[in-house]
A.B. asks: 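Attaching a single structure in structure tokens format; questions to follow.
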There are 2 protein chains.
Amino acid sequence: MVQTQILSKNQQMVFQIIEKAKGPLKAYSILNDVQKKGIKAPLQVYRALDKLLELGKIHKIESKNAFVACKNSNCEITKATAFSICEKCEKVTEINNSKLSNYLSDFQDNTGMKYNKYNLEFFGFCKKCK
Amino acid sequence: MVQTQILSKNQQMVFQIIEKAKGPLKAYSILNDVQKKGIKAPLQVYRALDKLLELGKIHKIESKNAFVACKNSNCEITKATAFSICEKCEKVTEINNSKLSNYLSDFQDNTGMKYNKYNLEFFGFCKKCK
DNA sequence: TTAATAAATGTTATAATATAACAAGCCGTT
DNA sequence: AACGGCTTGTTATATTATAACATTTATTAA
Ligand SMILES: [Zn+2]
Ligand SMILES: [Zn+2]
Ligand SMILES: [Zn+2]
Ligand SMILES: [Zn+2]
């Protein structure tokens, strides 16, 4: 059977909110939004978030415990992510730079470890804030 | 006056525990340890952690909400950190690779943003686990 | 079609992580 | 002694995330 990979009802609700947002959203702020539409409990939000992360539709900004929609159709399955984060206005942008991603995906250190995933967060001031 | 930059009592207690640990420690596990030695409340641990982070004596592994001692005397003030994390045994190693750190410190994207800090976390399987 | 299986939902309770607010102590400087 | 800055102590609370269990809905396969 053809896998249409349609999101479930809750997954869709949560995704749409994240997608429309101007910046990263926290789980409980998402919860607050979707409570108008039927979802009652944190767990329902977290389950949707987990699934969306797994699908690579969203990413978690670890330093903020917040979630953004993937703006980068080719970073499947959330294996290689890089973000730029303004420390003043909190603006977050997903970096799409093939040189950087190639460099990091090919990175090898001397510990004999084989990497299959990375997450990079840059901090600074955006054009407006500097 | 000459700033000897000696750690305070609580800061020292917390730092010693993190330094001796084999892996990253969570705040409440640190609390559990130091409760034998007088510290009673989470806040006392978090305050020490904040200070140690600020001094660059420890780093936070954001994906784990856990703390490790800096193994890298030259990464002052926690401005540029990179870690390798084993997804099986949870071993965490601070990466000390000047090519990588130069590459990242010099990185510029097309958004006009000037970066002054980054954190990179690599995931994979260590030598023992792969 | 129907039974089996897997995925998603609903619900209540609770765990784990982190900060607010306020009072008091210590220590070097003036 | 008095001031200022930093550190500590304490209680309460906010924020983030998961456990456990029951039920429902969707997919697969006989
Ligand atoms: Zn992405
Ligand atoms: Zn900004
Ligand atoms: Zn370091
Ligand atoms: Zn390992």
Side-chain angles (χ1 to χ4, degrees), chain A residues 1-18 21 23-68 77-78 90 92 119 121, chain B residues 1-18 21 23-55 57-68 78 90 92 119 121:
Chain A
M1 184 238 164
V2 181
Q3 178 54 289
T4 32
Q5 196 57 277
I6 269 301
L7 298 176
S8 78
K9 182 165 67 82
N10 288 358
Q11 289 157 17
Q12 217 166 334
M13 275 170 57
V14 169
F15 181 59
Q16 281 175 9
I17 287 172
I18 297 173
L25 292 183
K26 304 247 182 184
Y28 276 72
S29 119
I30 295 168
L31 174 59
N32 195 58
D33 276 12
V34 294
Q35 272 175 335
K36 304 160 199 159
K37 297 171 192 161
I39 286 183
K40 299 241 168 78
L43 197 44
Q44 292 164 280
V45 170
Y46 279 104
R47 285 196 284 225
L49 290 172
D50 283 349
K51 189 67 187 195
L52 294 167
L53 285 169
E54 191 189 315
L55 296 173
K57 308 274 291 176
I58 64 171
H59 303 301
K60 182 172 186 181
I61 309 298
E62 293 285 358
S63 61
K64 294 187 168 299
N65 297 319
F67 302 86
V68 295
I77 338 184
T78 304
E90 312 254 295
V92 169
N119 179 53
E121 298 181 3
Chain B
M1 183 236 165
V2 180
Q3 177 54 288
T4 32
Q5 195 57 277
I6 270 300
L7 298 177
S8 78
K9 183 166 66 81
N10 288 0
Q11 289 157 17
Q12 217 165 336
M13 275 170 57
V14 169
F15 181 59
Q16 281 174 10
I17 287 173
I18 297 175
L25 292 183
K26 304 248 180 182
Y28 276 71
S29 119
I30 295 168
L31 174 59
N32 195 59
D33 276 13
V34 294
Q35 272 174 334
K36 304 159 198 160
K37 296 170 190 158
I39 287 185
K40 299 240 169 77
L43 196 45
Q44 291 165 281
V45 171
Y46 279 104
R47 283 197 283 226
L49 290 172
D50 283 349
K51 190 69 188 193
L52 294 168
L53 285 169
E54 192 188 316
L55 296 173
K57 309 274 292 176
I58 64 170
H59 303 302
K60 182 172 186 183
I61 308 299
E62 294 284 359
S63 60
K64 295 187 168 298
N65 297 318
F67 302 86
V68 295
T78 305
E90 312 253 295
V92 170
N119 179 54
E121 300 182 3

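When reading the values below, keep in mind they use all heavy atoms of this one structure, side chains included, and skip hydrogens, waters and symmetry mates. Letters go in sequence order (proteins before strands), and every chain restarts at 1.
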A.B. asks: Just compare C:dT11, D:dA17, D:dT8 and give me whichever is closest to any side-chain atom of A:Gln44.
C.D. replies: C:dT11
A.B. asks: Please evaluate residues A:Lys57 and A:Leu7 with respect to the criterion side-chain contact (heavy atoms from CB on, under 4.5 Å), reporting the C-alpha separation (whole Å), side-chain torsions for both, the decisive distance (0.1 Å), and the verdict.
C.D. replies: CA-CA 10 Å; A:Lys57 308 274 291 176; A:Leu7 298 176; 4.2 Å; yes
A.B. asks: Whole Å only: how far is the CG atom of B:Leu52 from the C1' atom of D:dT7?
C.D. replies: 13 Å
A.B. asks: Starting at CD1 of A:Ile6 and ending at C1' of D:dT27, how long is that distance when rounded to a whole Å?
C.D. replies: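 Those two atoms, CD1 and C1', are 15 Å apart.
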A.B. asks: Nearest whole angstrom, please: distance from the P of C:dA6 to the NZ of A:Lys51.
C.D. replies: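 Taking atom P of C:dA6 as the reference, NZ of A:Lys51 is at 14 Å.
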A.B. asks: Quick one: is A:Tyr46 getting a side-chain N or O under 4.0 Å of the D:dA17 phosphate, OP1 or OP2?
C.D. replies: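 Looking at the OP1 and OP2 atoms of D:dA17, one of them is under 4.0 Å from a side-chain N or O of A:Tyr46.
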A.B. asks: What's the closest nucleotide to the side chain of B:Leu43 if the choices are C:dT12, C:dA20, C:dT9?
C.D. replies: C:dA20
A.B. asks: Nearest to the side chain of A:Gln11, which nucleotide is it out of D:dT8, C:dA8, C:dA18?
C.D. replies: C:dA8
A.B. asks: Can you measure A:Leu49 atom CG to D:dT16 atom P for me and round it to whole angstrom units?
C.D. replies: 12 Å
A.B. asks: In this structure, how many angstroms lie between the P atom of C:dA15 and the CG atom of B:Leu31, rounded?
C.D. replies: 16 Å
A.B. asks: Supply the atom-to-atom distance A:Leu25 CG to A:Ile58 CD1, rounded to the nearest 0.5 angstrom.
C.D. replies: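 If I round to the nearest 0.5 Å, the distance is 9.5 Å.
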A.B. asks: Can you say whether a donor on the side chain of A:Tyr28 sits under 3.5 Å from an acceptor on the base of D:dA17, or the other way round?
C.D. replies: yes
A.B. asks: Look at the side chain of A:Arg47 and decide which nucleotide, out of D:dT7, C:dT11, C:dA18, has an atom nearest to it.
C.D. replies: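 Among D:dT7, C:dT11, C:dA18, the one nearest the side chain of A:Arg47 is C:dT11.
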A.B. asks: Take the protein atom NZ of A:Lys64 and the nucleotide atom C1' of C:dT17, then report the distance between them rounded to whole Å.
C.D. replies: 17 Å
A.B. asks: Look at the side chain of B:Asn65 and decide which nucleotide, out of D:dT18, C:dT17, C:dG10, has an atom nearest to it.
C.D. replies: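 Minimum distance to the B:Asn65 side chain belongs to C:dT17.
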A.B. asks: A:Lys26 has a side chain; which of C:dC22, C:dT11, D:dT16 sits nearest to it?
C.D. replies: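 For A:Lys26, the side-chain atoms sit closest to D:dT16.
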A.B. asks: Would you indicate whether the side-chain heavy atoms of B:Arg47 and B:Asn10 approach each other to under 4.5 Å?
C.D. replies: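 A side-chain contact under 4.5 Å is absent here.
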A.B. asks: Find the distance B:Leu7:CG to D:dC6:P and express it as a whole number of Å.
C.D. replies: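 About 15 Å, once rounded to whole Å.
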A.B. asks: Any side-chain heavy atom of B:Gln12 within less than 4.5 Å of one from B:Lys9?
C.D. replies: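 Not touching, per the 4.5 Å side-chain cut-off.
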A.B. asks: Nearest-nucleotide wise, let me know which of A:Ala48 and B:Asp50 is further upstream toward the 5' end of DNA chain C.
C.D. replies: A:Ala48
A.B. asks: For D:dT8, take OP1 and OP2 only and decide whether either is under 4.0 Å from a side-chain N or O of B:Lys9.
C.D. replies: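 So the side chain of B:Lys9 is outside the cut-off, no N or O lying under 4.0 Å from OP1 or OP2 of D:dT8.
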A.B. asks: Looking for any heavy atom pair under 4.0 Å, which part of the strands does A:Lys60 touch: base, sugar-phosphate only, or nothing?
C.D. replies: sugar-phosphate
A.B. asks: Could you check whether A:Glu121 pairs with A:Lys64 (Lys NZ or Arg NE/NH1/NH2 to Asp/Glu carboxylate O, under 4.0 Å)?
C.D. replies: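 No.
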A.B. asks: Taking CG from B:Leu53 and C1' from C:dT17, how many angstroms apart are they, rounded to a whole number?
C.D. replies: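 Value for this atom pair: 14 Å.
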A.B. asks: Picking from D:dT16, D:dT7, C:dA8, which would you name as closest to the side chain of B:Ser8?
C.D. replies: D:dT7
A.B. asks: Looking at D:dT10, I'd like to know if its phosphate oxygens (OP1 or OP2) sit under 4.0 Å from a side-chain N or O belonging to B:Lys40.
C.D. replies: yes
